[in-house]
Amino acid sequence: MSRLVIVSNRVSLPTERGAKAGGLAVALAEAMTPGSLWFGWSGKRATATSETATIAEHGGLTYATIDLSEADYRRYYVGFSNGALWPLLHYRTGLLDFKRDDYEGYLTVNEAFADRLKPLLRPDDIIWIHDYQLLTLPEALRRRGVTNRIGFFLHVPFVPPAVLHVLPSAAVLVRALAAADLIGFQTHGDRMNFLESAASCMGVRPEPDHSFIHNGHRTETTVTPIGIDADGFTRTARRAAGMAETKRLIESLVGRALIIGVDRLDYTKGLPQRFDAFGQLLHRYPEHLRRISLLQIAARSREDVDRYQSLRRELDRKAGDINGAYSDFDWTPLRYMTRTVNRSTIAGFYRLARIALVTPLRDGMNLVAKEFIAAQDAADPGVLVLSRFAGAAEELTEALIVNPYDADAVADAMHAGLVMPLEERKARHTALLGKVRRTTAASFCRDFLARLKAIEIDA
Ligand code: ADQ
């Protein structure tokens with residue numbers, strides 16, 4: 001059997017303190033069978049980027065990590081990945097901060113990844129690269145003579161050509177990515193955008209099976225939406241009912257309905273718009289005053305990018321405005337916290353919530369939507385208010401689908417959720433749970449890898 005080699009920007013070792021619960025390690029658990037290799041950045045900044053990978057073995061898996069120099073970290077990760085590609089791929093061209101130097105740093109680190117990975121590869125390895133930080137890695141590996149099967153999965157959206165070309169050198173990135181054998185997307189819309197972009201960058205003509213040939217190499221594409229371990233998450237949520245945190249939250253609510261939001265503090269997640277919509281709800285539907293509480297948990301993230309600091313200030317101000325305008329001496333409508341909460345606590349909180357607000361302005365998938373559905377008590381389920389711009393909306397059509405830019409419409413959806421009869425809540429939840437249980441983390445890995453293994457390679 002061939003070995004699986006996973007490559008991602010960041011590798012979190014199981015031994016690492018504060019290793020992000022959730023994240024790629026959970027999603028790929030199914031794929032990482034004993035013997036697999038996981039290669040990427042250690043998360044450490046050093047005086048120089050490592051010349052060779054550091055190898056560690058844990059639980060039958062091999063972890064190969066490299067450190068990045070401060071300059072490489074700044075240019076590749078902070079500058080180009082988070083300052084240019086992230087806003088671009090979320091359609092926020094106005095936030096794009098392109099610097100030629102960062103772009104060159106990005107290419108350099110992708111080359112370094114290829115250099116350090118190459119000596120670890122065996123001829124029959126299957127390579128699976130993850131996400132937008134490593135768009136040029138497929139070609140960097142090919143230039144070093146790597147003929148293995150290479151798959152690439154993009155966790156974030158892909159934009160249409162008119163948006164893509166706002167980024168200088170975008171065509172270089174698309175051409176380098178096309179050196180993979182298989183490219184996977186979260187949604188059909190993302191794949192279509194990519195194929196149109198590939199046509200505009202390389203003049204290729206996609207075939208009916210959504211593959212194309214460039215320079216004699218066939219690139220196939222697939223749509224494999226990511227999911228969660230739904231049954232496991234349901235169990236976690238059920239168990240969490242007995243936890244001290246859950247009990248404290250229940251007590252603090254004194255019978256009020258809980259509305260919940262759980263996000264990274266990121267401008268793609270639509271948090272200012274969400275706060276505005278909540279303000280509209282309180283303003284236009286005074287019957288809910290004192291009867292509801294919005295708990296927004298927003299884990300701080302990417303604090304070394306300026307835009308994230310200004311977002312935080314904006315949210316502090318909006319939260320203050322709402323609470324100043326509507327609070328009573330014994331009621332605070334909005335509870336806003338900017339830290340991470342552990343997964344089982346969050347699972348318990350989801351289960352208590354009457355409504356979840358998942359209202360990103362753009363999102364590859366959004367796993368919070370799926371976690372919320374899995375966490376519900378099927379006998380008395382809560383309602384999901386979901387942005388049409390989350391990848392999850394392509395599948396989760398029984399949610400209350402909203403345009404997050406329309407504060408009044410989001411307020412109306414919250415109201416609809418708060419007054420929705422039990423029968424309708426159950427019918428929607430049953431349909432949604434069926435989908436969340438069908439498209440899981442395990443099916444994501446299985447489907448993508450089955451497609452990759454089936455590809456005939458030119459080597
Ligand atoms: P993210 O943008 O990080 O991921 P998401 O899919 O919502 O977004 O996943 C976040 C994970 O972190 C979830 O498991 C969630 O429970 C957890 N999380 C979020 N906020 C938290 C908080 N405040 N405290 C604790 N835990 C929190 C990227 C893409 C997504 C895509 C995923 C996977 O942007 O669109 O769904 O990758 O492909």
Side-chain angles (χ1 to χ4, degrees), residues 8-10 12 18-29 31 81-82 85-92 128 130-133 152-158 184-187 189-190 223-230 232-233 236-237 240 245 260-271 274 295-302 308 312 315 335-351 353 356-375 384 386-387 389-396 436 439-441 443-445 448:
S8 63
N9 165 60
R10 180 78 161 84
S12 33
K20 193 181 165 226
L24 210 53
V26 174
L28 299 180
S81 295
N82 290 341
L85 283 175
W86 180 264
L88 178 86
L89 293 173
H90 290 87
Y91 296 68
R92 300 292 289 276
W128 190 6
H130 289 264
D131 230 3
Y132 63 98
Q133 300 92 348
F152 182 101
F153 185 78
L154 186 69
H155 290 257
V156 298
F158 204 91
F185 299 91
Q186 302 271 28
T187 69
D190 295 323
V223 177
T224 46
I226 199 164
I228 59 167
D229 167 12
F233 205 82
T236 306
E245 285 87 350
I260 196 165
V262 175
D263 306 79
R264 275 188 310 104
L265 213 169
D266 192 296
Y267 53 78
T268 60
K269 303 292 181 185
L271 295 169
R274 189 181 301 171
L295 171 61
Q296 176 62 55
I297 304 176
R300 290 196 297 275
S301 141
R302 304 183 190 171
Y308 288 74
R312 203 173 151 199
L315 290 170
R335 306 173 182 193
Y336 170 51
M337 44 196 277
T338 56
R339 54 184 144 89
T340 36
V341 174
N342 76 46
R343 274 178 86 66
S344 52
T345 307
I346 286 200
F349 289 4
Y350 287 142
R351 193 172 170 91
L357 296 177
V358 178
T359 54
L361 304 181
R362 201 56 80 162
D363 217 329
M365 176 53 58
N366 195 300
L367 293 177
V368 170
K370 297 190 172 186
E371 291 167 355
F372 175 75
I373 296 298
L384 174 62
L386 178 62
S387 163
F389 303 120
E394 199 174 279
E395 276 177 291
L396 302 184
V436 170
T439 314
T440 59
S443 74
F444 160 72
C445 293
F448 186 90

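Please read these numbers as outputs of a predicted model, since none were measured by experiment. Note that ligands are numbered from 1 as they come in the structure, with each ligand's atoms numbered from 1 the same way.
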Measuring from atom CD1 of Ile346 to atom CD1 of Ile297, what distance do you get when rounded to the nearest 0.5 angstrom? 5.0 Å
Classify the contact between Arg339 and ligand 1 as side chain, backbone, both or neither, using a heavy-atom distance cut-off of under 4.0 Å. backbone
With a 4.0 Å heavy-atom cut-off (strictly under), which part of Tyr350 contacts ligand 1: side chain, backbone, both or neither? side chain
Going through the checks in order, is the ring pair (Phe, Tyr, Trp, His ring centres under 6.0 Å) test met by Phe444 and Phe153? CA-CA 10 Å; Phe444 160 72; Phe153 185 78; 4.7 Å; yes
Gly364: numbered ligand 1 atoms lying under 4.0 Å from its heavy atoms: 35 (O)
Heavy atom to atom 6 (O) of ligand 1, shortest distance: which of Leu24, Thr338, Leu367 holds it? Leu367
Considering all heavy atoms, the nearest Cys445-Ala27 contact: SG-O, 3.3 Å
Please classify the Ile297 to ligand 1 contact at 4.0 Å (heavy-atom distances, strictly less than): side chain, backbone, both or neither. both
Looking only at heavy atoms, which two atoms of Arg264 and Lys269 are closest? And how far apart? O-CG, 3.4 Å
State whether the side chain of Gln296 and the backbone N or O of Tyr336 hold a donor-acceptor pair below 3.5 Å, judged by distance alone. no
Taking N or O atoms only and a 3.5 Å limit, does Ile226 qualify as a polar contact for ligand 1? no
With Met365, the side-chain contact (heavy atoms from CB on, under 4.5 Å) member among Lys370, His155, Glu394: Lys370
Tyr308 vs Tyr267 aromatic rings, parallel, tilted or perpendicular, using cut-offs 30° and 60°? tilted
With a cut-off of 4.0 Å, which atoms of ligand 1 are near a heavy atom of Ile346? 24 (N), 25 (C), 26 (N)
Which of the numbered atoms in ligand 1 are below 4.0 angstrom from a heavy atom of Gln186? 31 (C), 38 (O)
Applying side chain to side chain donor-acceptor pair (under 3.5 Å), run through Arg362 and Thr268 and close with a yes or a no. CA-CA 6 Å; Arg362 201 56 80 162; Thr268 60; over 6 Å; no
Looking only at distance, does His90 have an N or O less than 3.5 Å from an N or O of ligand 1? no
Taking the side chain from Gln186 and the backbone from Ile226, do they hold a donor-acceptor pair closer than 3.5 Å? yes
Can you tell me which portion of Asp263 lies within the under-4.0 Å heavy-atom range of ligand 1? Options are side chain, backbone, both, or neither. backbone
Asp363 to ligand 1: N or O pair under 3.5 Å? yes
Proximity to ligand 1 by part of Arg362, non-hydrogen separation under 4.0 Å: neither
Taking all atoms of both residues into account, what is the closest heavy-atom pair of Arg351 and Ala237, and its distance? CD-O, 3.5 Å
Taking 4.0 angstrom as the limit and counting only heavy atoms of Glu371, give me the atoms of ligand 1 inside it, by number and element. 13 (C), 14 (O), 15 (C), 16 (O)
In terms of atom number and element, which parts of ligand 1 are under 4.0 angstrom from non-hydrogen atoms of Trp86? 34 (O)
Counting from 1 in the order shown, the ligand 1 atoms closer than 4.0 Å to a non-hydrogen atom of Arg343 are 14 (O)
Looking at Pro360, is its backbone amide N or carbonyl O close enough to the side chain of Ser387 to form a donor-acceptor pair, meaning the two atoms are under 3.5 Å apart? yes
Using every non-hydrogen atom in the two residues, find where Ala298 and Leu271 come nearest and quote the distance to one decimal. CB-CD1, 4.2 Å
Under-4.0 Å heavy-atom contact with ligand 1, by part of Tyr132 that carries it: neither
So, regarding Val262 and ligand 1 (criterion: nitrogen or oxygen to nitrogen or oxygen, under 3.5 Å), is there a contact or not? no
Below 3.5 Å, N or O to N or O, backbone or side chain included: is there any such pair between Ala299 and ligand 1? yes
The atoms of ligand 1 lying under 4.0 Å from a heavy atom of Val368, numbered in the order shown, are 7 (O), 15 (C)
Heavy-atom closest pair (Pro87 atom, Asn82 atom, distance to 0.1 Å) is CD-O, 3.4 Å
May I ask whether Phe233 places a heavy atom under 4.0 Å from ligand 1? no
One finds that the ligand 1 atoms under 4.0 Å from a non-hydrogen atom of Lys269 are 1 (P), 2 (O), 7 (O), 8 (O)
